[in-house]
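To keep things clear, I will list the structure first and then write my remarks on it.
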Amino acid sequence: MKQVAFFLFICLFSITCHASHSSKEKILLDEVKNAYQLGKSETLKISVKKLLDYAEATSNDTLKILGLRYYGNYYYLRNEHAYAIEKYIAAIKIARKDESLKKFLAKLYNNIAYNFTKIGYYDEALRQLHNAKKSIIINITDNATKAFIYENIAQTNLFYQKLDSVGFYIKLAASVNTNPKSGKYYDNYIQSSILLDEAVLSWKNMNISEAEIAKLFQKAIVFDEKMDDFKHMCSAYSEYSNFLLAFGNTEQAKIYAEKGLVIANNNDYLDLQIQLCSSLSKIFMESHNYEDAYKFAHKSILLKEKFLEINNRQTTISKLAEFRVEEQKIKEEEKEKLEEREKFIKTLGIGVVIIAFIIIFLLLSHSILVNGKFITYFGNVSLLIGFEFINLIFHPFLYNLTNHDPFLMLIILILIASFLLKVHHKLESLLQQLLQKNKMKRVEIAKKILHEENISGW
């Protein structure tokens, strides 16, 4: 009774400790997510450092990856894109060490691509988006991540004016991000980008009326305002202001550009400060207010110089070169691992064939007497080799099927082992029967030979 009570106490203590850790992780992650979605870079930096300290203390690689990813997002908000890319690369290095962590690769490649678009490296952005799409295929990926990647591809193709491709990926992103049963969005943050992309694409195509395009912009703005998503809200104000200016509505264009600039200044959104100052310069030029037009044009130039200084071209190229060297190393290591795995599978396969051949030969042989224990021993060896052979072949597929869940993996492997064991016992029984029949035949042959010899001797 005491032993049972002690066992229950240990179980309850373990569950309580696990729940305590999970609760702490959730609180830290929620802090980080909220700070990022509100676009508060300094708050995000403090929250990320707390998360990374906790990840280091608990040796939790998952939290390290998430922490580094959000650290990259902090630099993205600050428009320090080279440093953002550096943090994402550091997270990729950790994610590649373990199959269970590779599910983060698609998001990380997507983040790298998005930061490359911000500094004008569109070809490199498309290359990283290709890596992100490959990761979607190889690893089980959630709908929100897929939608984010497709939306990012749409944005990048917009630069190349591939409007058909932009339209295709926007529709794909919208469908993937919408729950077919409830109609709700998997990620509101991504949905705000999709809505703005739809408005910008309609403006580029001019396939609907000016009033309908304006409604699309307003829909995106209302969505952002409800969410308190300041970064997207600021982007929406900027794009809508440009749209209104293009159609001669300078008063409304000025209102939205000024609203956007207030948010950009409050949150240090340098890229949007540049866009909005440039827009206000054009608006005041249209209104013949040349003094303010010059003031905002000059401010836009100064901000661009600051942006270029932060995102030093040489630093970015250096980070990119480092990343490509690292990528090449990873590819070579993965190639070596794959070759080793293939060799091992072939070796095990040959082992199974040799043992099967020996058993069959011994069973069919009429000149060699075989002990049943010998067959049992070889059968057990072939069972172990067979299980390892199957495990090696199906291991990558099981990883993806179970979404890298070790408990589910264990259950599936136990089921496979149980099935093999059942088959093994049936085959062993069948072999023993064949062996017995073979022995009976040999005994009869021996008796017959002895009988013939006796007759001839007599």
Side-chain angles (χ1 to χ4, degrees), residues 38-42 75-81 115 117-120 155 158-159 161 192-193 195-206 209-313:
L38 288 170
K40 302 288 184 182
S41 59
E42 289 311 309
Y75 282 116
Y76 153 70
L77 288 176
R78 305 247 331 145
N79 293 282
E80 297 178 37
H81 300 291
N115 278 269
T117 61
K118 290 293 175 183
I119 49 178
Q155 273 196 27
L158 197 59
F159 168 79
Q161 295 295 311
S192 62
S193 290
L195 291 170
L196 185 58
D197 288 344
E198 284 175 347
V200 172
L201 180 63
S202 298
W203 176 21
K204 296 278 183 187
N205 275 328
M206 286 305 294
S209 69
E210 180 189 335
E212 286 175 309
I213 296 168
K215 281 180 183 176
L216 287 173
F217 276 109
Q218 287 158 14
K219 184 182 176 183
I221 288 166
V222 168
F223 191 86
D224 293 333
E225 287 173 343
K226 279 181 182 176
M227 281 180 61
D228 279 341
D229 182 351
F230 295 113
K231 183 79 174 180
H232 279 120
M233 197 189 302
C234 195
S235 296
Y237 287 155
S238 177
E239 291 290 356
Y240 191 37
S241 173
N242 291 336
F243 168 76
L244 291 166
L245 180 62
F247 286 91
N249 193 342
T250 52
E251 282 304 310
Q252 283 291 305
K254 180 173 171 286
I255 289 166
Y256 279 99
E258 286 175 341
K259 282 170 77 174
L261 189 58
V262 168
I263 296 170
N265 289 337
N266 288 342
N267 295 282
D268 289 326
Y269 299 151
L270 187 55
D271 55 337
L272 290 165
Q273 284 175 316
I274 294 164
Q275 287 177 31
L276 290 157
C277 283
S278 179
S279 296
L280 281 165
S281 174
K282 290 172 187 174
I283 290 163
F284 284 121
M285 188 67 77
E286 286 291 321
S287 307
H288 307 291
N289 184 345
Y290 300 115
E291 187 180 340
D292 282 339
Y294 171 77
K295 183 180 81 174
F296 280 104
H298 182 63
K299 192 176 179 182
S300 177
I301 290 164
L302 291 175
L303 289 166
K304 275 181 186 173
E305 286 174 358
K306 186 182 175 183
F307 182 86
L308 291 170
E309 187 182 337
I310 289 168
N311 294 286
N312 182 284
R313 185 175 173 81

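- Scanning for salt bridge (Lys or Arg N to Asp or Glu O under 4.0 Å) contacts around Glu42 gives Arg78, with sequence neighbours left out.
- Taking the side chain to side chain contact (heavy atoms under 4.5 Å, CB included) definition, one finds that Asp197 meets it with Glu151, Gln155, Ile170, sequence neighbours left out.
- Nearest heavy atoms, Ile310 versus Glu80: CG2-CG, 3.2 Å.
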Which pairs of donor and acceptor atoms, one on a side chain in residues 246-257, lie under 3.5 Å apart (sequence neighbours left out)?
{"from": "Asn249", "atom 1": "OD1", "to": "Gln252", "atom 2": "N", "distance (Å)": "3.4"}
{"from": "Lys254", "atom 1": "NZ", "to": "Glu258", "atom 2": "OE2", "distance (Å)": "3.2"}

Notebook entry, point to check: Step by step, would you call Lys295 with Asp292 a side-chain contact (heavy atoms from CB on, under 4.5 Å)?
Noted result: CA-CA 5 Å; Lys295 183 180 81 174; Asp292 282 339; 3.9 Å; yes
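- Remark: Ile221 CD1 to Leu195 CG distance equals 11.0 Å, nearest 0.5 Å.
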Next item on the list: Start with the C-alpha distance between Lys259 and Met233, add both sets of side-chain angles, then the distance that settles side-chain contact (heavy atoms from CB on, under 4.5 Å), and finish with yes or no.
Entry: CA-CA 10 Å; Lys259 282 170 77 174; Met233 197 189 302; over 6 Å; no
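- Separating the CH2 atom in Trp203 from the CD1 atom in Ile213 is a distance of 9.0 Å, to the nearest 0.5 Å.
- Taken to the nearest 0.5 Å, the OG atom of Ser192 stands 5.0 Å off from the CE atom of Met227.
- Between Ser241 and Ile283, the closest side-chain pair of non-hydrogen atoms falls below 4.5 Å.
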Checklist line | Residues His232, Phe223; criterion side-chain contact (heavy atoms from CB on, under 4.5 Å); working and verdict | finding: CA-CA 10 Å; His232 279 120; Phe223 191 86; over 6 Å; no
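- The closest side-chain heavy-atom distance from Phe243 to Val200 is not below 4.5 Å.
- Residues satisfying the side-chain hydrogen bond (donor to acceptor under 3.5 Å, both in side chains) test with Asn267, not counting sequence neighbours, are none.
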Next item on the list: List the steps, then state whether side-chain contact (heavy atoms from CB on, under 4.5 Å) holds for Leu196 with Phe217.
Entry: CA-CA 6 Å; Leu196 185 58; Phe217 276 109; 4.0 Å; yes
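- Judged by the 6.0 Å and 45° rule, Lys231 forms a cation-pi pair with Tyr269.
- By the 30° and 60° cut-offs, the orientation of the rings of Phe284 relative to Phe296 is parallel.
- Here OH of Tyr76 is found 7.5 Å from NE2 of His81. Values are rounded to the nearest 0.5 Å.
- Residue pairs meeting the side-chain hydrogen bond (donor to acceptor under 3.5 Å, both in side chains) criterion with at least one member in residues 297-307, sequence neighbours excluded, do not occur.
- The distance from the CD atom of Glu239 to the CG atom of Leu272 is 9.0 Å, given to the nearest 0.5 Å.
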Sequence neighbours excluded and cut-off under 3.5 Å, please list the side-chain donor-acceptor pairs for residues 273-281, or say none.
{"from": "Gln273", "atom 1": "NE2", "to": "Asn265", "atom 2": "OD1", "distance (Å)": "2.7"}
{"from": "Gln275", "atom 1": "OE1", "to": "Ser238", "atom 2": "OG", "distance (Å)": "3.3"}
{"from": "Ser279", "atom 1": "OG", "to": "Asn242", "atom 2": "OD1", "distance (Å)": "2.8"}
{"from": "Ser279", "atom 1": "OG", "to": "Gln275", "atom 2": "O", "distance (Å)": "3.0"}
{"from": "Ser281", "atom 1": "OG", "to": "Ala293", "atom 2": "O", "distance (Å)": "2.9"}

